[in-house]
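Here's the structure we're looking at; comments come further down.
These numbers come from a predicted model, not from an experiment. Just so we're on the same page: letters track the sequence lines, and every chain starts at 1.
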Amino acid sequence: MPRLGLLQRPQPVTPQAGPRGSGTSTFWIFSLGSAMLLLMSWLLPWFVRPTSSGVGYSPMDVVTSSPTGIGTILVYILAVTMLIMVLSPVLEIAYRLRKEATPRRFDTLRGIAAVIGLVSTVAVFVLARIMREEPLFGQIDSHSITDSAVWLTMAGYIIAAVTYGARQRVTHRPSLAFGAVALPFGLLLPLMFHQAPDFILWAAESLAVYMLLALGLNVVVGFAGLLDLGYAAFFAIGAYTCASLASPKHSIHLPLWVLIFLGAAVASMFGAVLGAPTLRLRGDYLAIVTLGFGEIIPDLATNNVGKLTGGPDGISSIDQPALGPIHFGTNKEWYYWSLLVVVIVVIILLRNLERSRMGRAWVALREDEVAAAATGINTTSTKLLAFAIGASISGIAGAFYGSIVTVVTPQDFNFSVSVSILSMIVLGGIGNITGVIVGSFALTFVIFWVLQNLNEWSGTLGQTINVPTLGNLNFSQYTYIVYGVTLILMMLLRPGGLIPSRARQIELKSGGEEESLAAVQGRA
Amino acid sequence: MSDETTASAARATAGAIGHGTLVDPRGLSARTDRAGTTRPAVVRTLAFLRKLYGLVQRYFPQFLIAGIAFAILKVYANGGLTLMGAQIKNALVLGAIYALVAIGYTMVYGIIELINFAHGDVFTLSGFYAFVIAGLSGGAIGSLATHSGIGLLLALLIIFPTTMVAAGFTGVVIERVAYRRLRDAPRLAPLITAIGVSFLLEGLMLVIFGADNRPTKLSSWITGRAVRVAGVDVNWKDIFVVATALGLMFSLGAFVRITTLGKAMRATAQDRSASLLSGINVNRTISATFFIGSALAAAGAIVYSINYDLIQWNLGYQLGIIAFTAAVLGGIGNIVGAGVGGFIIGVISVFGGQLAGGEWSNSLVFAILVIILTFRPVGLFGVDVTTRA
């Protein structure tokens, strides 16, 4: 009966559903992100001054320093455009609530405003910094003008210009738009905190390391659908490999550039070996076995197996590499830039991998293991490869981490590290590379920047409003709560993450029925 | 299991004959036949590993019992009867606590197939509840407990129910807020949420009670030596811990077997939709399960603080995994199994720690966890859950 075949054909997915969903998420993130960056650049002096004396410049400073002539015009242009950008998410929300599309002329207007703002920021920068036209801007310290706010403002305008000027492209090719926006931002990140305290640079490096880790875990959890709760173990293996081979511990001093590959190789080997026992397991049991490995590996390091790991104190004074005349120990931002190159390479490789035969095999495995095996996919090698590739990326991250902090101890690789990486990919969107980048950025920003600064801010606030108890709050203790709340809220409210992967979204919607059906069949 | 062994036997024959007459499913021996050599070492090793896997899988309980017996005898040979006796006592005390916590894991897994990651932290939180309750009204309960025998009884009668009820409601709230909406979601969603709840609880305890060990001052409640057997001091405290655990476990067993709610629990665990059809209030049953599991964890936390006199914000994490190991060892979903598993894990961790060094006892338990889940996910007394896992 040929009719039957037609009847059984699955309903076509509505064409807008997938790409538009993820595209609008990207649009919202961009819109809010640009508003936040611009707002931050205005407020930065109040944020940063309490922590470090004298740093921080913002257009607000220019306003208060009573500029004259062309300076006044530039500053007021800046102020108006900024106000537009900061208010435009509100406008978007208003239109969204009325269930109308934002008129196109508003987009054009805001795009032009963003470009004008960008140009005038550059003009202020050039006039004050290079041409030293100080009379225009009153009393400004010419050194401070290169500081964070300028870069933040520029990044904010660039994002706003792309968001509103090329709205169609953003919603239709979210990943491309994301790459176009994230890359300049990422490159400028260390410059943004040029004169700020060391920990901000440390935050940037942590961001890069965690981004790498999240990308690696995404291969295992997102692509292949194997929940790995012991991912920090591979991070530890990479870090210890680097530490052993580039420190006085064993009197071996290999350069970091060799160790990246060595760390990746060793970690991927361990990934395959530790993955092997889990091949028969599915779902939560697999998660628990990986969790067990994640506990055993740091334990082995603590107990100093074979006198290799240095026990609870770990391995210290790890070499810091040099690239030509640049010594990384003194120019820490070069770690960030080299990590950025690695991250970009890894992203390109993973995107290709995702679309390759292996990537499709992973998807098949994730959706239905039995069906995948029936179509000729070698489930053993497919799973092991997912583990190995995921582990190799964390091996690279580990090698860098060891070199950056120069000391690795077993406590650096406990369960909370695994969970923090998991929270990043859950926040951003499991299985979506763009989402993983957003998630790792957002969480690292909160953990390494907001929480660290909150201590200072609340202290200052407490002094100002005479509530000394505010100064005693230790906000870095709230890290666990941030991870916990992220995981709970995301799973309850938006299981696909901020930017859901399209395939995952469909899977999560239909997943419930399949699962319960399987459960019923299993019991019958 | 059995087709695994026959397959490897078939492969062995194929290799031995050397003509490739039997079709090898993986084509390994066929390849070696073409080359005209004997099977390479890799293939032989793989075959050996498969055989070993089958053996371990089939004789897992025997291996486990032999290993434990060996460890006990080895301790006896090293340290004599006194050391062995003392360690058995320690193992029983530790095992009783693990058993109490393991029951919560096993009940929840049995009924909604969720590894309730936050259970270990409910344990810690209950320890803090007990700490706070004992410190209320200027430590009146504490001074009551140390005053006289009847006072102690009264104090225990106050602290056990209050803490257990508080912990029970905590468990119910967690289920209501975090797990109920995800009951029909894909398997990993509630697990990730459970990890989130665990971290949230740990973070809250860290913020509220600080990062240091907290002496609970409950250890002074029960003092003195009960008997001295073969040179081992058995204190009242030890007897109290084990007796409490056993008493609670037996009453739970009776509860599940006899009462209507217990019957509803068993029915829901077997088939949720069918129980719903037959008029069981599934939501309430699941809430009750969380209540009882958390209350038992609270009892475990009280006896823990009576025995070890400390509580710390992240205590529950490792203890939780160890208790989960106990639950898996006993066969997850099986209440009796969880109790027995708790005591076995206690023995393994104490005697393993004695033989290999205390720093290894956790690794040993985690290794056992990995081994059980890999070789025998059904545990010692479990029904087959491999299709569900």
Need one label for [X]: side chain, backbone, both or neither, based on atoms under 4.5 Å from any heavy atom in chain A.
X: B:Leu373; answer: both
X: B:Ile321; answer: side chain
X: B:Leu204; answer: both
X: B:Phe375; answer: neither

*Heavy-atom distance under 4.5 Å between the side chains of A:Leu493 and B:Arg181, does that happen here?*
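A:Leu493 vs B:Arg181: side chains touch.
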*Can you tell if the side chain of B:Tyr317 reaches within under 4.5 Å of the side chain of A:Glu295, non-hydrogen atoms only?*
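Yes, their side chains come closer than 4.5 Å.
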Report the distance from atom [atom1] of [X] to atom [atom2] of [Y], rounding to the nearest 0.5 Å.
X: A:Ile296; Y: B:Leu369; atom1: CD1; atom2: CG; result: 8.0 Å
X: B:Thr374; Y: A:Tyr285; atom1: OG1; atom2: OH; result: 11.5 Å
X: A:Ile488; Y: B:Ile195; atom1: CD1; atom2: CD1; result: 11.0 Å
X: A:Leu492; Y: B:Tyr179; atom1: CG; atom2: OH; result: 10.5 Å
X: B:Ile192; Y: A:Thr486; atom1: CD1; atom2: OG1; result: 12.5 Å

*Hey, mind stepping through B:Phe117 and A:Leu229 against side chain to side chain contact (heavy atoms under 4.5 Å, CB included) and telling me if it holds?*
CA-CA 12 Å; B:Phe117 225 88; A:Leu229 292 180; 4.2 Å; yes
*Can you pull the side chain to side chain donor-acceptor pair (under 3.5 Å) pairs that have at least one residue in residues 192-210 of chain B, sequence neighbours excluded?*
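Output for this query lists B:Asp121-B:Ser198.
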_Counting heavy-atom pairs under 4.5 Å with chain B, which one of A:Leu487, A:Val289, A:Asn303 comes out on top?_
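Counting heavy-atom pairs under 4.5 Å, the top option is A:Asn303.
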*Under a 4.5 Å heavy-atom cutoff, which of A:Leu227, A:Val426, A:Ile288 has the most pairs with chain B?*
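Answer, by heavy-atom pair count under 4.5 Å with chain B: A:Ile288.
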_Side chain / backbone / both / neither for A:Leu291 at chain B, heavy atoms under 4.5 Å_ =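 Side chain of A:Leu291 only, per the 4.5 Å heavy-atom cut-off to chain B.
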*By a 4.5 Å heavy-atom criterion (distance strictly below it), what part of A:Ser416 contacts chain B: side chain, backbone, both, or neither?*
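Both parts, backbone and side chain.
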